[in-house]
Amino acid sequence: MGIIWENPFLKGRYVLFVRRMIQIAKPDIRRKEIELVTEVLKSGALTQGAYVSKFEENFASFIGTKHGISCSSGTSALTTAVEAAGIGPGDEVITTPFTFIASSNAILYSRAKVVFADIDERTFNIDPVSIVSKITDKTKAVLVVHLYGQPCRMNEIRKICDDNDLLLIEDCAQAHGAEYKGKKVGSIGDVSAFSFYATKNMVTGEGGMIMTDNDAIAEKSRVIINQGQVNRYDHIMVGYNNRMTNIEAAIGLGQFSRLRMMTAKRRENASYLSEKLKGIEWLEVPFTEEGCSHVWHQYTVKVDGALRDSLFDYLNKNGVGARVYYPKPSYMQPAYQELGYKEGLCPVSESVSKRVISLPVHPLLTKADLGKIVEVVKGFR
Ligand SMILES: *Cc1c(COP(=O)(O)O)cnc(C)c1O
């Protein structure tokens, strides 16, 4: 958005004032990433290689899993994880509808049935009580999403899965380094997937990683992501090309070295926002559950459904790039209509999707940006 003014001191010249938008996400790329990518480009080893292996080793040791298998995206990592876990036609997988569409698409690619459980209205995460109510003879797995960077109630969910002989899959696309009762998410389930898309807490551009302690799942994942190949031109299954490149891994290595700092900044920004916004009576600041260390992929507040869309317009008109994650439960998307889900299936998810709005919280926000976000929000009513 720009306004052109005639500058009275510079006759005939015009000055362009660009009103700066505080963006919802911004990748923090520094010299380290540029140096590492340059090394890769000079080496000529543009595809899989030493940088990929190093990134996998570093990230797996940080999360606390035996294996890390890098992928071309978070979606390909999650899809591969589901397939490597042995999920297929006839199986049911329980998951949340209040997430990015890729979470349930990963199940649909395997031709299993997606069974939606409702969420806890305070945390926005899947509700263990609802999970139990959806278990049938066909249930094979539970796929949880640590939404906005806050871990799900993993002790309860792990126990439900163990008691019912179900696999536990974690979608950690928004939760790099988040912990539940001292344990990193991504190390609690049987297999999990991270995303390093450009808006996530750490980035490679496009990219993802599968984490697991299970040797068989790890081995199968490596085959799936590489054309089903076990030895050169020996293809034991119809696989994909879901591989990460050295260029992406180089960015990831640079990012990984600053993840702790970037997360600390997100936490600082979130507590500043909550401190300043908690007095507003028409707005509910985010709730952090006991035992959860939240990594603030998003800072999401709740307002009355009648206010949400006008608040969204107001914030964006005034330079605060607020977003709605997510405006409808996945089963209400046009792409899911032929699957037979009905409105009313998950009432909490439906209600919350009309009331949430996320404010910028990323590590590149300045003190002035944070002050402006608070001021603009307070100016709404
Ligand atoms: C971003 C995201 C994905 C998909 O990751 P991509 O890298 O964009 O493919 C999956 N699940 C959730 C919850 C996400 O936020």
Side-chain angles (χ1 to χ4, degrees), residues 24-27 55 59 68-83 85 93-110 114 116-117 119 123-126 141-152 154 168-178 185-186 189 191-211 221 224-225 240-245 247-249 251-252 255-256 266 294-300 323-331 333 335-336 349 352-353 356 358 361-362:
I24 191 73
K26 205 169 172 183
F55 183 43
F59 198 69
I69 299 112
S70 60
C71 290
S72 53
S73 70
T75 304
S76 69
L78 193 59
T79 303
T80 303
V82 168
E83 190 172 337
V93 179
I94 299 172
T95 195
T96 168
F98 191 62
T99 177
F100 184 51
I101 198 70
S103 307
S104 49
N105 281 354
I107 301 165
L108 291 175
Y109 296 138
S110 76
V114 179
F116 290 107
I119 59 168
T123 62
F124 310 110
N125 278 331
I126 196 164
V142 175
L143 191 157
V144 299
V145 182
H146 307 294
L147 200 73
Y148 307 144
Q150 169 151 243
C152 297
M154 294 307 280
L168 177 53
I169 303 169
E170 298 177 73
D171 179 342
C172 304
Q174 306 187 354
H176 312 71
V185 305
V191 60
S192 61
F194 284 83
S195 164
F196 308 113
Y197 182 66
T199 59
K200 310 291 185 185
N201 289 29
M202 63 177 274
V203 311
T204 60
E206 296 278 8
M209 205 183 291
I210 302 164
M211 324 305 300
S221 297
I224 293 170
I225 68 165
Y240 303 88
N241 176 357
N242 286 347
R243 300 179 306 252
M244 180 178 269
T245 67
I247 301 172
E248 291 157 335
I251 303 171
Q255 288 274 296
F256 178 65
R266 284 178 185 273
H294 198 314
V295 295
W296 301 102
H297 174 60
Q298 297 299 345
Y299 181 89
T300 303
R323 289 284 180 276
V324 172
Y325 304 112
Y326 294 86
K328 53 175 95 155
S330 304
Y331 60 80
Q333 290 291 346
Y336 278 54
S349 301
V352 158
S353 66
V356 287
S358 301
V361 73
H362 63 77

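Numbering of residues begins at 1 and proceeds along the displayed sequence. All ligand and atom numbering here is 1-based and tracks the order in the structure.
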Do any pairs count as a side chain to side chain donor-acceptor pair (under 3.5 Å) and have a residue in residues 191-202, sequence neighbours left out, and if so which ones?
N201-H297

Tell me if the aromatic rings of F55 and F196 count as close, with their centers under 6.0 Å from one another.
yes

Less than 4.5 Å apart, any side-chain heavy atom of Q298 and any of R323?
no

Give a yes or no answer on whether the side chain of D171 reaches the backbone of L143 with a donor-acceptor pair at less than 3.5 Å.
no

Residues Y331 and S349: side-chain donor-acceptor under 3.5 angstrom
no

Give the ring-plane orientation class for F98 versus F124, where under 30° counts as parallel, over 60° as perpendicular and anything between as tilted.
tilted

Neighbouring residues of ligand 1, heavy-atom cut-off under 4.0 Å:
S73, G74, T75, T99, F100, A102, S103, V145, D171, A173, Q174, S195, Y197, K200, G207

